[in-house]
Asks: 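Structure in C-alpha cells, see below.
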Amino acid sequence: MKNAGFLNLPPWKDNFQEILIKLGRSDLLKLPLLGRENSDNVWSAFDYDEFFSIVQMGIFFSGRPIQNFPSKIITSNASLALERLKNKHFKDTFFSAAIGGTFPFLKMLLDSSIAKPTKFYVQNDAFSGLVLSIMEKENKSFDEAVCDARWKGATDDNSNFSLHGICCRNRLVLQIAEIFGCYINPDKIICRGISSLSKIDIAIAKELGMSIRLIGIAEYDGNSLKAAAEPCIIPLSYFLAQAKGGSEIIYLKTEDGQSHVYACPGSSHESIVRGIVSDIDLASNQEKQELKTIDNIDDFKNKFYLRFNLINLTDTLAELLKIFAQTDIEIEKIYQPKIVYENLENQQLVLLTQPITRTRLNQALDKISNTMKLVSLNADFRIIDRG
C-alpha cells in the first residue's frame with residue numbers, strides 16, 4: 001500500500017466506502033485522490049503535480065481517461081489492463097478486479113502447488129449467462145430476455161460488450177495471462193456474441209439434453225495456444241451448464257489429469273473492491289512474473305452443431321452431405337427437431353459433426369452457401385464434450 005493513490009473513484013463511491021469499511025480496510029479511505037474536483041469530506045484530493053510526486057501505484061476504475069499513469073497500476077478496467085499488457089507493462093499491471101468474480105480462484109491457483117494448468121473453460125460474463133438462462137427457463141426471445149436481465153439490474157457497464165462477446169473475450173485474455181503466463185492480442189481470438197441467438201436453438205439444445213452458454217476456452221501446452229470466446233452447446237450434466245443465471249464459473253484441467261471447478265456470483269461492486277484490495281496487497285509485497293507473448297492462435301478440434309433451413313429436404317439433403325464428405329467432415333448425427341414453430345415455412349435440419357477445426361468447417365459452409373440455393377445456415381455452435 002506504500003505510495004498508493006486513487007486516480008479516480010467509481011460512480012458508486014458511497015457504496016465503495018461502505019464496502020471498504022465492511023472489509024476492515026478503512027485505512028484505504030486515507031489514500032490520496034487525483035483531482036480536487038472529485039473531493040468530498042472523506043477523500044484527500046490533490047492537484048496533478050502534487051499527486052504524482054507522492055504516488056507510484058495508481059488505482060484506476062472505469063471512467064474518464066487519464067493521460068499519465070504512475071509506474072504501477074491496479075485497475076478494474078479490462079480495456080486499460082489489455083492496453084498495458086499489449087505495451088509490455090506486464091510486471092506493473094494488476095487487474096484482479098477486471099477479471100470478474102473468479103479472481104479468488106486464480107489467486108488460489110497461483111499460490112498453490114497443484115500441477116501445471118493445461119486447459120480451462122470459463123463462463124466469465126454473468127450478464128450474458130443471465131440472458132441465456134432466462135431464454136432457456138422462461139422460453140423468451142433474446143430481446144425479451146435482455147430486457148428482463150436489464151430490469152433486474154444485472155449490469156452497470158455497457159451490456160452490448162457482453163452481448164457481442166467482447167467482455168468474455170477480454171476477460172479470457174486476462175485469465176490466460178494469469179493462468180498460463182501468456183499474452184495474446186485479443187483481436188486474434190475468435191469472438192462471437194449471443195445477439196443473433198434464436199430461442200429455436202435454445203429449445204433444440206434442450207431436446208438434445210444440452211444448454212447454450214457463452215464460454216471462453218483456452219488450452220496451452222507450453223508452445224501452442226488455442227483460445228476462443230463464443231456460444232457453445234454443453235451437456236446439461238456439466239458444471240458449466242448448471243451455473244445459475246447471473247453467476248460465473250471456471251473449469252480447469254491440469255497436466256496430471258485432475259479437474260478443478262470454481263463457481264461464484266457474478267461481478268458486483270463488492271467483488272470489484274475485493275479484487276482491488278487483493279491487488280493492493282499483492283503489488284505492495286510481491287513481484288509479478290513476465291508474460292510470454294504468443295503471436296498466433298491454433299485451432300481447436302470440436303464437434304459442431306449446425307442448424308439449416310431446407311427447402312425440399314429429400315432433394316437437398318444428399319447434396320448437403322456430399323459437400324461435407326468432399327471436405328472430410330464426418331457427420332455424427334442427423335436430427336430433425338421435434339419442436340415446430342408456426343412461423344417457420346421451411347424444414348429444420350440439425351447436423352452434429354465429428355470433431356473438426358472451425359477453419360475446415362468454414363470451408364464447407366462457404367461452399368454450401370455458394371452452390372446450394374435451397375439451403376441456408378441458421379446457427380453453428382461448438383459442442384463442448386468430454387473429448
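In this chain, numbering begins with 1 at the start of the sequence shown.
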Asks: So, R84 and D92, do they make that salt bridge, N to O below 4.0 Å?
Replies: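 Yes, this pair counts.
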Asks: Quick one: are S369 and L377 in side-chain contact, heavy atoms under 4.5 Å?
Replies: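 No; the side chains remain at least 4.5 Å from each other.
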Asks: Can a side-chain donor-acceptor contact be found between R150 and S159 if the only test is distance below 3.5 angstrom?
Replies: yes
Asks: State plainly whether the residues R307 and D201 are in salt-bridge range, i.e. N to O under 4.0 Å.
Replies: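 A salt bridge links R307 with D201.
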Asks: Less than 6.0 Å separating the ring centroids of F16 and F61?
Replies: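 They qualify: ring centres under 6.0 Å apart.
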Asks: List the steps and the verdict of side-chain hydrogen bond (donor to acceptor under 3.5 Å, both in side chains) for E248 and Y262.
Replies: CA-CA 8 Å; E248 299 175 26; Y262 179 82; over 6 Å; no
Asks: So, do P32 and S44 sit near enough that their side-chain heavy atoms are less than 4.5 Å apart?
Replies: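 Side-chain contact under 4.5 Å: no.
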Asks: Please tell me if the side chains of Q258 and I114 come closer than 4.5 Å, counting only heavy atoms from C-beta onward.
Replies: no
Asks: I'd like to know if D380 pairs up with R358 as an ion pair, taking the criterion as any Lys NZ or Arg NE/NH1/NH2 lying under 4.0 Å from an Asp or Glu carboxylate oxygen.
Replies: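 Salt bridge between D380 and R358, a charged N being under 4.0 Å from a carboxylate O: yes.
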Asks: Tell me if the CD atom of E290 is crowded by more than 12 foreign heavy atoms within 6.0 Å.
Replies: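 Atom CD in E290 is packed in, count exceeds 12.
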Asks: So, T353 versus E332: side-chain donor-acceptor pair below 3.5 Å or not?
Replies: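 No.
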Asks: Is there a side-chain contact between L34 and F46, using heavy atoms and a 4.5 Å cut-off?
Replies: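 No - every pair of side-chain heavy atoms lies 4.5 Å or more apart.
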Asks: Strictly under 6.0 Å, is that where the ring centroids of F60 and F6 end up?
Replies: no
Asks: Report yes if some heavy atom in the side chain of I99 is under 4.5 Å from a heavy atom in the side chain of E178; otherwise report no.
Replies: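 Counting from C-beta outward, I99 and E178 do come under 4.5 Å.
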Asks: So that I know where these two stand, are Y251 and F239 an aromatic pair - ring centroids less than 6.0 Å apart?
Replies: no
Asks: Report yes or no: is the cationic atom of K199 (NZ for Lys, CZ for Arg) under 6.0 Å from the centre of the six-membered ring of F142, at an angle within 45° of the ring normal?
Replies: no
Asks: Taking the side chain as C-beta and beyond, is there a heavy-atom pair between I212 and Y305 under 4.5 Å?
Replies: no
Asks: Are any non-hydrogen side-chain atoms of M210 and I204 less than 4.5 angstrom apart?
Replies: no
Asks: Salt bridge (Lys or Arg N to Asp or Glu O under 4.0 Å) between D125 and R171: does it pass, once the steps are laid out?
Replies: CA-CA 8 Å; D125 176 28; R171 288 182 172 181; 5.0 Å; no
Asks: State whether the number of non-hydrogen atoms from other residues, nucleotides or ligands found under 6.0 Å of K22 atom NZ is greater than 12.
Replies: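 Atom NZ in K22 is not crowded, with 12 or fewer foreign heavy atoms closer than 6.0 Å.
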Asks: Counting only N and O atoms by type, is there a donor-acceptor contact under 3.5 Å from the side chain of D47 to the main-chain atoms of D49?
Replies: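 It does not hold such a pair.
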Asks: Indicate yes or no for a side-chain donor-acceptor contact from E255 to the backbone of T118 under 3.5 Å, with no hydrogens or angles considered.
Replies: no
Asks: For D279 and S96, what are the C-alpha separation, side-chain angles and deciding distance, and is it a side-chain hydrogen bond (donor to acceptor under 3.5 Å, both in side chains)?
Replies: CA-CA 7 Å; D279 278 348; S96 294; 2.8 Å; yes
Asks: Inspect the contact between K206 and E136 and indicate whether a charged nitrogen and a carboxylate oxygen are less than 4.0 angstrom apart.
Replies: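 Salt bridge flag = no for K206 with E136.
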Asks: Side-chain donor-acceptor pair under 3.5 Å between S141 and D143, yes or no?
Replies: no
Asks: Any heavy-atom pair between the side chains of K107 and P104 that's under 4.5 Å?
Replies: no
